[in-house]
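In this text, all values refer to a predicted model and were calculated from it rather than measured experimentally.
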Amino acid sequence: MKRFLIFVALVILAVFLISRWNLHRSVPETFTPAPSPRIDLKDVQVLAALDEAYTRLVEAVIPSVVSLTTSRKMQEQQRVDPFEYFFGRRGRKVPREFVQNSLGSGVIVSKEGHILTNNHVVANVDEVKVQLRDGREFPAKIIGTDEINDIAVLKINAEGLVPLPLGDSDRVKVGSMVLAVGNPFGLQESVTQGIISATGRQVSDESGTEFFQTDTAINPGNSGGPLVNLRGEIIGINTAIGNYSGSGTWQGVGFAIPSNTVRRSLESIISTGRVVRGYLGVAMQELTPEIAAQLGVPNQPGALITGIAPGSPAEKAGLKEGDVVIAFNGKAIHGIRDLFRQVSSTPVGGTVEIKILRNKNEETLSATIEEQPDGFRSSASPQPRQQQQKPPQAPQGEPGPDNPLYGLETGPIPTAQRSELPANVHGVVITAVDPAAPAAEVLQPGDVIEEIGGQPVGSPAEFTRLVRSIKPGQRIVISIARGKFRSFVVIGP
């Protein structure tokens, strides 16, 4: 009986285990995969060829792109009392040193190991390390920098380097397809694709550098990497996106320094260790349609000369204030940035022809370009010393409110003020301006009026005569000196 009960128990246990096994046993799912792609590459030959072309292009470019890691020693003051936060005690501070690291990109441009990147990537750093695609890492030496154009040239000692050629950025057109390669957010060998959105973009008032705008994704870390065309040529060096993105990351707008600008900086740094720029010695102003009409040169683009540096190539060539430069060495000039760029890129010692408009007549002058002086930098006109306002009186002869120079008080230029003005300044100084005068929004006390309607102002009496000759309601162009800078302005009721 006992054996029978044990047998029954074993049978029940076996049945239970079998049922549990059957309960948890997985049942195979029915799965029928797609037998083949739905699209044959023969049906999309253009796309297939484009895909293959992109792949070949990227494979040709990536070995020349490098990742940069910069290090800079920093110091901060650290409190030594750990309970200061809780008890409000003011403890002693001690200096603490730490290393700040940053990322960037670069591109190899010579077999000897020269690398292009942005100046802002390597500015004020203690160490630069370059990592190649194959994982090798080398310390880099900074050969030279171009702060104005944001270019730096580095060099590493390495074998088996593959340089990329610089293309001709003057041939780049809006809509051209481009690739950006770099190290965004530390993600090495990242490639993005887009087009040239615009050319000639100005993102800084400190230089004549003009940039390519592109919709290619450029993020932090891309700075210094190449923007390449479909031939695998560098047509630009990607740079910071500046203030166009509030988040500091890409939002469809990126900028690159054109390769021809880069080439000039590179060649100058390689040959001399610094950037040598051409210098003409002129102050310039945009030729607005209204000023052009007053000067009798409507519908004529150019750069209006407002000042000539003493002893400069411009003075030696015979350029004068009021001249409009319309061509430089055979190339049309469309504005002051255009002329600045042409002059700065001209080899020092080169002789150029400058076509100008003077008194509505075309003339051609010859100038020999010199090296740009140290510390030369374009800047905004400084504000003159403000003088105390007093109730103005009309100029002698009492012209009415319909006279553009009504409401000004003028006098001889004080001897003490001449040091604040151009060396060859002449004319009369404005001592007061009626707030209701036509010129109140343009002129201010301290300005020196040098010409009225193209006629020089030699004295207060000459100023009075010229003011009386202005017809009621007439708009007139005058030349003024404000601080060390000159400009032309149009004034009228």
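- Closest of all the heavy-atom pairs between Gly113 and Leu161 is CA-CD1, 3.4 Å.
- The existence of a salt bridge linking Arg341 and Glu210 is confirmed by a sub-4.0 Å separation between a basic side-chain nitrogen and an acidic carboxylate oxygen.
- Two residues are said to be in side-chain contact when any heavy atoms from C-beta on lie closer than 4.5 Å; Val253 and Gln213 meet this criterion.
- In this structure, OG in Ser259 is found 6.0 Å from CG in Leu166, a value given to the nearest 0.5 Å.
- No side-chain heavy atom of Leu68 sits under 4.5 Å from any side-chain heavy atom of Leu103.
- With rounding to the nearest 0.5 angstrom, the CG atom of Leu287 is 13.0 Å from the NE2 atom of His334.
- Between Ala217 and Ala180 the shortest heavy-atom distance is O-CB, 4.4 Å.
- A salt bridge is defined here as a Lys NZ or Arg NE, NH1 or NH2 lying under 4.0 Å from an Asp or Glu carboxylate O, and Arg277 with Asp146 meets this definition.
- Side chains of Asn183 and Asn222: no donor on one and acceptor on the other come within 3.5 Å.
- Sorted by first and then second residue, the salt bridge (Lys or Arg N to Asp or Glu O under 4.0 Å) pairs with a member in residues 280-302 read Glu290-Arg475; sequence neighbours excluded.
- In this view, Gln193 and Tyr54 satisfy the side chain to side chain donor-acceptor pair (under 3.5 Å) rule, not counting sequence neighbours.
- With sequence neighbours excluded, the residues satisfying side chain to side chain donor-acceptor pair (under 3.5 Å) with Asp323 are Arg358.
- With sequence neighbours excluded, the residues satisfying side chain to side chain donor-acceptor pair (under 3.5 Å) with Lys316 are Glu370.
- Once rounded to the nearest 0.5 Å, the distance linking OG1 of Thr214 with CG of Leu227 reads 5.5 Å.
- Rounding to the nearest 0.5 Å gives a distance of 5.0 Å between CD of Gln285 and OG of Ser487.
- When side chains are defined from C-beta on, Ile291 counts as touching Leu304, because their heavy atoms get closer than 4.5 Å.
- Residues forming a salt bridge (Lys or Arg N to Asp or Glu O under 4.0 Å) with Arg263 (at least two apart in sequence, or on another chain): none.
- Here Arg486 pairs with Glu321 in a salt bridge; the nearest charged N to carboxylate O distance falls below 4.0 Å.
- To the nearest 0.5 Å, atom CD1 of residue Ile269 and atom CZ of residue Arg274 are 11.0 Å apart.
- Scanning all heavy atoms of the two residues, the minimum distance from Arg133 to Pro63 falls at NH1-CG, 3.9 Å.
- Between Ile235 and Ser169, the shortest heavy-atom contact is O-CB, 3.9 Å.
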Which pairs would a plain distance check flag for residues 136-143, meaning a side-chain donor or acceptor within less than 3.5 Å of a matching protein atom at least two apart in sequence or in another chain?
unit_1: Arg136; atom_1: NE; unit_2: Asp134; atom_2: OD1; d: 3.4
unit_1: Arg136; atom_1: NE; unit_2: Asp134; atom_2: OD2; d: 2.9
unit_1: Arg136; atom_1: NH1; unit_2: Glu159; atom_2: O; d: 3.2
unit_1: Arg136; atom_1: NH2; unit_2: Asp134; atom_2: OD2; d: 3.2
unit_1: Arg136; atom_1: NH2; unit_2: Glu159; atom_2: O; d: 2.9

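- In this structure, Glu127 has no salt bridge (Lys or Arg N to Asp or Glu O under 4.0 Å) partners at least two apart in sequence or on a different chain.
- Applying the salt bridge (Lys or Arg N to Asp or Glu O under 4.0 Å) test to residues at least two apart or on different chains, none of the pairs has a partner in residues 51-61.
- Taking each heavy atom of Lys173 and Ile196 in turn, the nearest pair found is O-CB, 3.7 Å.
- Legend: residues meeting side chain to side chain donor-acceptor pair (under 3.5 Å) with Asn119, ordered by chain and number and at least two apart, are absent.
- Asp126 meets the side-chain contact (heavy atoms from CB on, under 4.5 Å) test with Arg72, Lys73; sequence neighbours excluded.
- Applying the salt bridge (Lys or Arg N to Asp or Glu O under 4.0 Å) test to every pair with at least one member in residues 100-118, sequence neighbours left out, gives no pairs at all.
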Donor-acceptor pairs under 3.5 angstrom involving side-chain atoms of residues 32-42: please list them, not counting sequence neighbours.
unit_1: Asp40; atom_1: OD1; unit_2: Lys42; atom_2: N; d: 2.9

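- To the nearest 0.5 Å, atoms NZ (Lys331) and CD (Glu353) are separated by 14.5 Å.
- Side chain of Thr117 to backbone of Ala152: no donor-acceptor contact under 3.5 angstrom is found.
- At a cut-off of 3.5 Å, with distance as the only test, a side-chain donor of Thr239 or Asp150 sits close to an acceptor on the other residue.
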